[in-house]
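Report on one structure; see the data block that follows.
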Amino acid sequence: MTIKKKLFEIICLLLFLHVKMTATKVPEVRDITRIERIGAHSHIRGLGLDDALEPRQVCQGMVGQLAARRAAGIILEMIKDGHIAGRAVLIAGQPGTGKTAIAMGIAQSLGQDTPFTAIAGSEIFSLEMSKTEALSQAFRKAIGVRIKEETEIIEGEVVEIQIDRPATGTGTKVGKLTLKTTEMETIYDLGSKMIESLSKERVQAGDVITIDKATGKINKLGRSFTRARDYDAMGAQTQFVQCPEGELQKRKEVVHTVSLHEIDVINSRTQGFLALFSGDTGEIKSEVREQINAKVSEWREEGKAEIIPGVLFIDEVHMLDMECFSFLNRALESDLSPVLIMATNRGITRIRGTNYQSPHGIPIDLLDRLIIIATSPYSEKETRQILKIRYEEEDVELSEEALTVLTRIGLETSLRYAIQLISTAGVVCRKRGGTEVQVEDIKRVYSLFLDESRSSQYMKEYQDSFLFNETQAAQMDTS
Amino acid sequence: MATQSWSDLLKASRKTVLVHDGKRKVHYLFSDGKELAEEYEMNTDELLVRKWRKKNAVGAQGPWEVEVGEPALSVESVLEPHVIKENSSNPLFMRKDTKTSFQWRIRNLPYPKDVYMVSVEPKERCCIIRTTNKKYYKKFSIPDMDRCQLPLESSALTFTHANNTLIISYKKPKEILTLEQELLRNVKKIKSVNDGDGDCKTQ
């Protein structure tokens, strides 16, 4: 144990030295901080399948649920092929068994180019818009159209980057970038966003880069041949390219993906100053949609555009009511329909908007059109593994014993409750000056925060001393 | 024939004329959704501004693209934090025509006159400005000549340099001159909608 610790310290020291060395070499990357916050599913990076679609026990943040993940992998392949329109999948299982995680995994594996729209079943209920309009908008957000468009790009060799930080330390940074081609040279003023992405990409003098003028996207093409002899040591992947010729700014055709909904909005906006009042969230007329559909299929025939069917994920689908379900029945039949993934944690329950009971709160005729993936509760080993992934994600050190205790808590109460305890125990541990969460920290937060069953137990015992206990209200209807 | 088709296109377009601020402003709307706006000086009939606007592939309105005159600074570009833009010390290219010739002015070019080489590329249908010190390079076409499909000739091109400005002139051929006069006559015939209370046909 002590030898291990010593070794760890040495590695840390080495790492620290290494970091210091690289820091002196490239000081401009110093002020890049991690801005993403840690969400409930930020540890999910994919479905964790191998090439033969066989699930690995622990991979890409996924643990267990082998059958469900394998099924999701097959669905994923179907989506990637892009031939099948309007299929619907239902992920059903108890709370906290990874339904949303599987959907997120599919989204991550699909990548940036395939549209993935996630909504919750309750999101469509709004006073400003009808339920079916909200659903159609969600459907159309999940269909992408790849169109060629001309944009202005700047392509040149970097002569000089100059970034001035304000003397006070706060305020906006200003920067200048000098680019050249074989024929000309231009100085550009940089905005703060551009400065950040330039330092993130580690662009330096001698690099040949392209910049998309509208979006500010930087693409490093390689190093200029004229700089080939600057250093002896070069990374294996360093590519040498010629300095571009002619003008710095060029018009180039780029392919980009927009969703059908975006096209709808652009074309439905009333022109002139009235656009100020109508905004873009109003209802879109069905005539506009029909026109767009006709236009898009025309583009497709001419080879100008390509349709990418994406995924619409509706979480808590039992919150939809009867009208929505019958709308879904019809919407799925359209050939411009995405693959629909739904998730629910309900058993046999009342369909919202009716007095009928049905499995998952979904009418039988819709259920008949679905393929259902079931998730099952996690075993002890799996729970332990998930907790391990979560504490690594949340940057909390946990001792072996503490993890065992936490796993027990997770099994006896709920996985979500156990995950909540990680960060809270982390804070308790930090406050007492420790570096690793021990069993006592877990005990402390366990006594501070009630889980659902202890809370209801407390309610039952002390019901009488709460406010309004004498008026026996009707049970809330949650189905 | 080709000259004819361009003037036919103009004639077929929906036009609105407005006299304002000592300028005659003309707005053309073409059948394919393209818009053209021109501004003429009232007294001299000199063309001050000509700009285009068209819809992009998805159907959204693009920004005005200035062909003649000074590029207008939009309010957004001043207020919003920019991503990347040219430094104000860079050469500034703009077109400003006279009655008899197309003329381009490039400001902020401090180098002596013998640095510049201006040539016509009849095959590529454009003119090219080169500098021997490799500081400035510009390839530009003459849209008026393209629209009428007239050949470019290097004999028509001259340039001078004064006050940090390079001035390039291309003598307008006869066809262009007659076409412009005819267009202007037509525009003057259209009754102007003053004060904006008349109905605008192009809106």
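Below, read A as the first sequence line, B as the second, and so on, with proteins coming before strands; counting in each chain starts at 1. What you are looking at is a predicted structure, and each value in this text was computed from that prediction instead of being measured.
Contacts of A/T182 with chain B are made by backbone atoms alone, with heavy-atom separations under 4.5 Å and no side-chain atom involved. Of the atoms belonging to A/K176, it is side-chain heavy atoms, and not backbone ones, that fall under 4.5 Å from chain B. When heavy atoms are compared at a cutoff of 4.5 Å, A/I211 approaches chain B solely by way of its side chain, counted from C-beta outward. Residue contact with chain B, scored on non-hydrogen atoms closer than 4.5 Å, involves the side chain of A/Q249 exclusively.
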Could you give me the CA-CA distance, side-chain angles and deciding distance for B/D45 and B/R185, then say whether salt bridge (Lys or Arg N to Asp or Glu O under 4.0 Å) is met?
CA-CA 10 Å; B/D45 287 336; B/R185 256 202 315 279; over 6 Å; no
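Just one residue in the list B/K51, B/R95, B/R53 forms a salt bridge (Lys or Arg N to Asp or Glu O under 4.0 Å) with B/E67, and that residue is B/R95.
Here A/L221 contributes atom CG and A/C243 contributes atom SG; the two are 11.0 Å apart, rounded to the nearest 0.5 Å.
Looking at A/E287 and A/Q291, their side chains never bring a donor and an acceptor atom within 3.5 Å of each other. In the model, B/Y136 has no side-chain atom that pairs as donor or acceptor with a side-chain atom of A/E185 under 3.5 Å.
Of the listed residues (A/G216, A/A305, A/S197, A/G246), the one with the most heavy-atom contacts under 4.5 Å to chain B is A/G246.
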